[in-house]
Structure formats: structure tokens, C-alpha cells
Amino acid sequence: MALQIFDSKLQSIRAFSPLEAGRVSLYVCGPTVQSAPHVGHLRSAVAFDLVARWLRLGHALDVRMVRNVTDIDDKILVNAAEQSVDWQALARDVEVVFNQVYESINASVELRPHATDHIADMIELIELLISRGHAYAATDGSGNVFFDAGSWSAYGELTNQKPENLEGEADASHGRINPHDFALWKAAKADEPESAAWPSPWGSGRPGWHIECSAMTRAILGEAFDIHGGGLDLRFPHHENELAQSRAAGFEFANYWMHNGLVTVGGQKMSKSLGNGVSVKELFDQGSANAIRYWLGSAHYRTTLDYSPENIADAVGAMSRIQNFVKRASAKSSTSQKFNADALPQPFVDAMNNDFGLPAALAALHDSVRAGNAALDAGGDPAEQLASVLSMLEVLGLTVDEAVEVDEELAARVGSLIEQRRAARDNKDFALADQIRDELQQMGVTIEDTPTQTTWSLNG
RNA sequence: GGUGGAGUGGCUGAGCGGCCCAAAGCAGCAGCCUGCAAAGCUGUAAAACCACGGGUUCAAAUCCCGUCUCCACCUCCA
């Protein structure tokens, strides 16, 4: 089965076919580095990392994936001012945190262009739009430049909006002709740092948000590229405006649009005003990055995913079941190959090809785990299932959690107690054995008896 | 007001005309294992009347009409 993708511009499923045979260009809107990442950032990152992985591993395509960094923005300047720090330092620091988080959840992207490195590209694009009659410098002498939405009849095509139905800006000023015209270039303000302004034909200023992505996609992926992705909340106005600008400039722009669903808490979208945001740190305290990644894949990428500690706990359990199998099977089987496309079960392949149907793919994964466990219990060699599971995990970007490092002193004490308990059990002194077990539990150590030995791990 | 999305077992969450007397996970129950546990593994019940009311069809969770409820976007947001 060929890959089917839900194109959120057409609002329907269609077969995926790259513009250039064998290659895929993918642009995903990355974070505005204004404050620490939250669960929503992770969801988007993982959703599109899975897209890239499947294109690479499942379809042997050469994927060029871009995730930009918006490092100049109103919010960055405001937050920096509030914290009395340099805005560039804030942006840099926040970006470091984002990169760490992306790496820990195995969703890093190599191409990470910064808006501030593409100011010249943006100015060039704005000039092109003006020359084509789709943008204008504000007539009030403010130095702002706006996109002329009225000049572009297709405006609203991405989200099926008619300009007259939009609520419209309360403040249709700053030199706008029409309320739905949006800023391409914002004139420097007196109360903002000089470092946040660049020279331009319209005076000193900085780019509007939307033009950044239009300029960067063009600079890095070209005037036509395969897939544009981002969070559902970016569809309007951000992506609508990107599309209008790029098309008005004469570019083909994205061939497919993909939007990931949002993360809610108690059925409501996370937002600062509601104070229900869940930080990445809070999340990682509840489970390994693998378990979090599993949780993010447990619902289809286009649906809303509700956060709750219980749901995370479920994912931790499910992930540990899979990892247990890999550990058990690896001890019995010599399969070392990490990924083999031929080892992917057909239901898994079909699920991934059906618009990245992760829940069904995970069901296929569990089916292989169960079959492998059954083979193990029957004394057989689970090589086939292990190969399948390892290959699926590779596609899913999941790994087997490594044991946590513990200090030697503790290890020695625990080892000694376990030895004493073993001796007691050999003497059938079960009261003493249980007493030692309780003692270990109080130390925060849980032991597990297997037929041949006793293993232990730290709680929590 | 406009534009989209969603309502499926105790919970999470797939399926989107026939293979659905509805996937998978979690929880429950039983068994294996164990000195006993825990952990692990295996198997499995239930009234899931697929929000509600109509309709189309040989056939509907899936399509159509109506109703109710919830969510998102239309300001910055992944």
C-alpha cells in the first residue's frame, strides 16, 4: 500500500507523491524561543519526527527536514525585559533547553534555521511582494509594511475562511488599509533595544512572524517543497498568511499540509491564562522519555490528546512491557540487527501508511511482543519476533531504557543483603528472608526473584 | 457570527459501509512461576444497545437529515 497522507488544506486523504523522485522536503514550524518547552511542543516534535522516520525507513526516501527557530518576536522582547536580561541571551538559553528536550525524546532535527539569520531573505521577499502589488509600506510614515490581503483573492484558502467572516483586528491601525492586512515588517519602537532592529528600505525594524517561515522555506527548501507541518493552532493566521505571501510572491509553496492535534488538560487546551500548562520537566518526572514518546503516539496525531498522570502511567506500563520482552528475548536470541524493513509486520506497515496510524501500529507492535513472549515461554527462539519488534521500535523512535547508574557503595550493600537473604532462603529461614526483603524495600530497593538469580532496582 | 474537530467498554484509545458479535494498552478475574510474595508471562468475562432521534442500503460505529453536548481556530501559541 502506498503512503496516504491527510492533507489539511484539502481536508482529505490523498496518496503521497514527492515532487522529486526519491527525495522529500519537509518544513515544520518550530518554537518561538521565549520560554521553556511544554507538552505541546513535544507532541508536534514527535509527530513530525515520526513522519520523517517513516519516509526514511518505510519508503527509503531521502528526507530533508527543517524545523525553524523563531528567535526574534514580541514575546521574546517582552519576556527579556521583564527578566531584565538581554533578549538574545534569553533566546539562546531557551533554545538550548529546547534542543536538549528534543534530543532526549529522540526528535532532533539537523536543519534548524534561525529567523535572525535570514533577515536579508525576508527583506528581499517583502520587496518582491511590493513589486507585485501585494504589499505596501504604511502610508502613515510609521515604517510598517503590510501584506495587502485584499489584493490576493485566494486569501483564506488554507482554512476555508472568508475575510468578511473573520472577527477582524480590533485595532486596524498602524497604517493598515484593511483590517486583515498583516505585518510583514514592523518598524522599530523606541522602547525596544537597538539590537532588535535591522536596517531596511522602510527604515529600521524587524520582520513580522509570518514572513520568517516564507523566507526560510524558500532559502532552504526552495520555492516548492513537499510537506509543511505544524500545530493545529498555527493554521490560522500563521499558515494562512505564509501561504498567501508565498503564493502571492509567485511560489508554489507546500504541496501537502499536515497539522498535529493539540494537547489538553482535563479537556481544555493548555494555556498560560488558565494556568494548566504542563512543563516538560513535570512530564519527565513521571516517566522515561521513551514512555512519554509512547504516550504521545498512543493517540492518532490529528486528534486531541488529553494529558493526565494516569495516562502517563499507562504508557509507562505499556513501554515497560515492550522493553521487558526485548531484554528477555535478547538474552535468548542472537538477533543483533536493529532495523530490517523486511521484518516489519504487514499490519504495522499498513498502519503507518494509513496517515501514520500510530495506535494501530502500536497494536501490531504489541501483537509481536505477545507472540514473542509466547515463543519464549514455550522454550523456543523468539528471533523472528525480536527482529520485528526491534525494527518497529526503530521506526517509532523508541529504544530500550538503560539501567540507571547507581553508586558502588549502595550496590555493595544491596548485594550483600541479597546474598544473606539467599542463604536464609537456602536454609528455609523464610522469616529472616522476608525481613531482609522488607529492609531492602525500606531502603527504596525492590528485588525480583527469577529462577536463577535475584535482581534489584531502585524505586521511582 | 464564521471555520474545523469530537462524542466508542471501568479508563485510555483505534476502526470510519460487509472480515466489527468493535484493535491495542491499562485496570479486573483466572492460571503459570514462587517457600510466600512482588515482578514477569499466558488466558479471559462483561449490558461497548459505538451521544440521541429519524433515514438510505441486502448490509452502518462507519453514509444522509435533525437534535444535544464538548473542544479548537478567527489576538500570541506546537
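When reading the values below, keep in mind they use all heavy atoms of this one structure, side chains included, and skip hydrogens, waters and symmetry mates. Protein chains get the first letters and strands the later ones, always in sequence-line order, with residue 1 at the start of each. These numbers were taken from a predicted model, which means no experiment stands behind them.
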Notebook entry, point to check: Considering only A78(B), C11(B), U42(B), which nucleotide approaches the side chain of Arg321(A) most closely?
Noted result: U42(B)

Check: In dot-bracket, 5' to 3', how would RNA chain B read with Watson-Crick or G-U wobble pairs under 3.5 Å, [ ] for crossing ones and | for pairs to another strand?
Finding: ((((((((.[[[..)..(.....]]].(((((.......)))))......[[[[[..)....]]]]])))))))....

Next item on the list: For A48(B) versus G9(B), give the span between their P atoms, rounded off to a whole number of Å.
Entry: 10 Å

Margin query: Considering every strand and a 4.0 Å limit on heavy-atom distances, what is the contact class for Gly261(A): base, sugar-phosphate, or nothing?
Written below: base

Notebook entry, point to check: So does Glu110(A) have more than 12 non-hydrogen atoms from other groups sitting under 6.0 Å from CD?
Noted result: no

Margin query: Between P on A24(B) and CG on Asp350(A), what's the gap in Å once rounded to a whole number?
Written below: 17 Å

Note to self: Among Arg328(A), Gln385(A), Arg321(A), exactly one meets side chain to side chain donor-acceptor pair (under 3.5 Å) together with Asn373(A). Which residue is that?
What the structure shows: Arg328(A)

Notebook entry, point to check: Going by heavy atoms closer than 4.0 Å, what residues in residues 102-111 of chain A are next to RNA chain B?
Noted result: none

Margin query: Using the C1' atom as the point on both nucleotides, what is the distance between A61(B) and G13(B), in whole Å?
Written below: 15 Å

Note to self: Is Gln268(A) close enough to C71(B) that one of its side-chain N or O atoms is under 4.0 Å from OP1 or OP2 there?
What the structure shows: yes

Next item on the list: In whole angstrom, give the distance that lies between atom CG of Asn324(A) and atom P of U42(B).
Entry: 11 Å

Checklist line | No-H, no-angle donor-acceptor pair, His38(A) side chain to A78(B) base, under 3.5 Å | finding: yes

Check: What are the two closest heavy atoms between Ala299(A) and Arg43(A), and how far apart are they?
Finding: O-NH2, 4.3 Å

Note to self: Please give the distance between the P atoms of G66(B) and U3(B) as a whole number of Å.
What the structure shows: 14 Å

